[in-house]
Amino acid sequence: MNRKRLLSVLLIVVLSLSLASGAFAKGLVRITYYFPVGLAGPLATVMNEYVDEFNALHAEEIEVVPVYSGDYDPTMQKVQTAVQGGNPPDVFIVEISELPTLLAMDAIIPLNEFADEEYLADFFPAFLENSYTADGQFWGVPFQRSTPVFYWNKDHFREVGLDPDVPPTTWDEVAEFAQKLVVRDENNEVERWGVTISGGWNDWIFQGFARQNSSQLIDFVTKSITINSPEALEALEFWVHLTQELKVAPPHSTWSSTPPDFVAGRTSMLYHSTGVLTFMKESAGFDFGVGFMPANTTYGAEVGGGNLHIGKGIPRENQEAAWKLIEFLTTPEMAARWSRASGYVSTRVSSYDLPEMVAHTTEHPEYLVARNQLDYASGKMMTPIFQRVREIVKTALDEATAGKITPKAALDRAQDQTERLLRDWLD
Amino acid sequence: MRSVAIRKIRPYLYLVPSLVFLAIFTYFPILYSLYLSFFKQNILHPQPVFAGLANYVDVFDEKLFFTVVKNTFFYAVTSIPVTMGLALVLAIFLNEKLGWVRNIYRVVAFYPTMIPMAAAGMLAVWLFNPGIGLVNFYLKKFFGVSTIEWLYDMKWALPAIVITSIWKNFGYFMLIYLAGLQNISGELYESADLEGCGFLQRLRYITLPLLRPTTMFVIIVGLISSFQVFDLVYTMTQGGPADSSNVIVYYIYQYAFRFWNIGHASALTVLFVSALLIFIVFLVRTVERRVHYEV
């Protein structure tokens, strides 16, 4: 008897609650927002703060439900599963090279109607390169964006008689400096590397090296794949020269462990994202410099990071609400705030003229290096099934730097595998 | 009449809930994978197209597949014997009367098992860091070993994962062995004492033979879990460098959720499940004959 009564009371409570929330939801647009952050923890909190501010501004009108979705890979997986399940997120950030995959899945809408010329003119052009298709459609708004930069340990430079304020500016100088900086023990084993080209995202850094040699690996718009071009081959031969012949650079490493290696003084020079600059400043007990990645025929870098997208197949009012969120997150003021909190490059040109940004960059000029390097930077390579292409390129690089295969054989194989994988797209 | 029928049906009724769950979450997915494995479906072809055995041909066409199988076997063959040996030795010692020290040792040995796998993986990444990790520090200090690049090195990445898994799992196996040891009747040891048997003789003629059912269980559980190793690979190396630590389940995961090639991933899954099944049946048939279950 008693149990039955309890049950009916519970039922009534549940029913009335759901009715109440239904009434409350009238007129309120609720949208979900998936976001990854490269560095877990603090940045997710920052993002939640922004969303709270947005929700307060649009109380009774829009409610954004932020979903912290881990790293870039898990975020893309969540988006893909949600799209396949017919329930796409309203607005989300994924890694910029995922655009062709999103298009192949028919997962996003073009944003031309929302983004006017004046708004777009204030973004750094290099950051916009991963947003367009050949037909001029605009698909994603730059948000958390970066380029790789070059870090060097000034104490180590002093120790071996190099000028601590003059980093290497060419590939040849990288090799020359690294030979001076490397330290070996009595068994000729390396105790301190001269230079480290961070693994894990080494495909990304390698694209920068192809740019520094006036070439590129993949052009999305013209659908040309030139992974084994003579210029790219020269770049990989340079890597093998550093790792196998001179033995001044480790053949492999992981993305997350090389910044601590640099901070611990285990390597004197490092190629890594500008995104770890804040970590370096907080952790390094020594003087270090930040500069452009050294040039061969030219300076060069590829942009990286994540763009904001709006999902397809959601109600019109959700799309409009999603755009309001995107606008809110990408004003010059917010771009500047996010840049200071994270170490990412601010996406808006004018944000660097804001008083708080001027004060910040005057005090810490290192934060300007990645922005200045943008003059030499271009869009990141992208294709459908990009994750597979990445694996193909990374395996070629890793096997070559391990000395298991010649650079030429490695790149020829990668070229062939990529062409076969994408033959339907290339036709 | 009726009561007999009910009595016959009753056990099956009790099994229904677990069968429903197994059917939904295990048997259906296995059969569905079999079905999907005959279709081409990937990002460029979101609509499945019947492809016969093409996915299976693709699987064997890729050299990496054999590397991955080899890596998985390497993991199983190196990690299981060491984990079992360590667990057995510890269990035998901790089964002796050592007073309160025993409980402390049991906790210490079991502790790694309680750490979540992902946390253990992250911890291991730091321990194995070539420059600032404790592993290299102590190897150098006590054995004069010069720097090993561990996770950065194609030769050492997989062994580092094996070592981590041994550290992580031996406590669990030890617990199973301890339970097995406590099932062995004390009378047997008493009579052995009366006959004047030493420690080694008791071990050789009583403990080890009577632990066979436990050993059998540990081998099967160990094999299954080591063929399924994923978490440590995911957190420590993501299969790298150059796939030198890629294993079957991680490889399937890559195809399914990173390359989004569902057909290929399903074909891999079907092959994997079949191989595992054949292996277990074979193992149970050959080894079980030599196991005594009664005491």
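Below, read A as the first sequence line, B as the second, and so on, with proteins coming before strands; counting in each chain starts at 1. Side-chain atoms are counted along with the backbone in the values below, which use heavy atoms only and exclude waters and symmetry mates.
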Between [X] and chain B, which part of the residue has a heavy atom less than 4.5 Å away: side chain, backbone, both or neither?
X        : answer
A:Val389 : neither
A:Pro74  : side chain
A:Leu397 : neither
A:Pro384 : side chain
A:Glu189 : side chain
A:Thr81  : both

Would one find more than 12 heavy atoms of other residues, nucleotides or ligands at under 6.0 Å from atom [atom1] of [X]?
X        : atom1 : result
B:Phe66  : CZ    : yes
B:Tyr32  : OH    : no
B:Phe39  : CZ    : yes
A:Lys404 : NZ    : no

- Task: Indicate yes or no: at least one non-hydrogen side-chain atom of B:Trp126 is less than 4.5 angstrom from one of A:Ser257.
- Result: no
- Task: Could you tell me whether the side chain of A:Thr254 reaches within less than 4.5 Å of the side chain of B:Met236, counting heavy atoms only?
- Result: no
Solution key, residues 130-144 of chain B side-chain donor-acceptor pairs under 3.5 Å, sequence neighbours excluded:
from     : atom 1 : to       : atom 2 : distance (Å)
B:Asn136 : OD1    : B:Trp150 : NE1    : 2.9
B:Asn136 : ND2    : B:Pro130 : O      : 3.0
B:Asn136 : ND2    : B:Ile148 : O      : 2.9
B:Lys140 : NZ     : A:Glu191 : OE2    : 3.2

- Test: B:Glu62 and A:Arg388 ion pair at under 4.0 Å: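 Looking at B:Glu62 and A:Arg388, the cut-off is met.
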- Query: Out of curiosity, B:Asp153 CG to A:Ser253 OG, how far, rounded to the nearest 0.5 Å?
  - Reply: 12.0 Å
- From CD1 (B:Ile43) to OG1 (A:Thr101), nearest 0.5 Å: 4.5 Å
- Item | Segment of B:Gln47 engaging chain A (4.5 angstrom heavy-atom cut-off) | neither
- Task: Mind listing the closest non-hydrogen atom pair of B:Tyr152 and A:His252 along with its distance?
- Result: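 Heavy atoms of B:Tyr152 and A:His252 come nearest at O-CB, 2.7 Å.
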- Intermediate values then yes/no, side-chain contact (heavy atoms from CB on, under 4.5 Å), B:Trp260 and A:Met76: CA-CA 11 Å; B:Trp260 218 258; A:Met76 186 60 187; over 6 Å; no
- Item | Stepwise salt bridge (Lys or Arg N to Asp or Glu O under 4.0 Å) check, A:Glu399 with B:Lys63 | CA-CA 14 Å; A:Glu399 288 189 6; B:Lys63 256 201 212 149; over 6 Å; no
- Message: Using a 4.5 Å heavy-atom cutoff, which residues in residues 243-259 of chain B come close to chain A?
- Response: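 The stretch touches chain A at B:Asp243, B:Tyr253, B:Gln254, B:Tyr255, B:Phe257, B:Arg258, B:Phe259.
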- Top of A:Met105, A:Gln84, A:Gln417, A:Arg390 for chain B proximity - count of heavy-atom pairs under 4.5 angstrom: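 Sorted descending by pairs with chain B, the first entry is A:Gln84.
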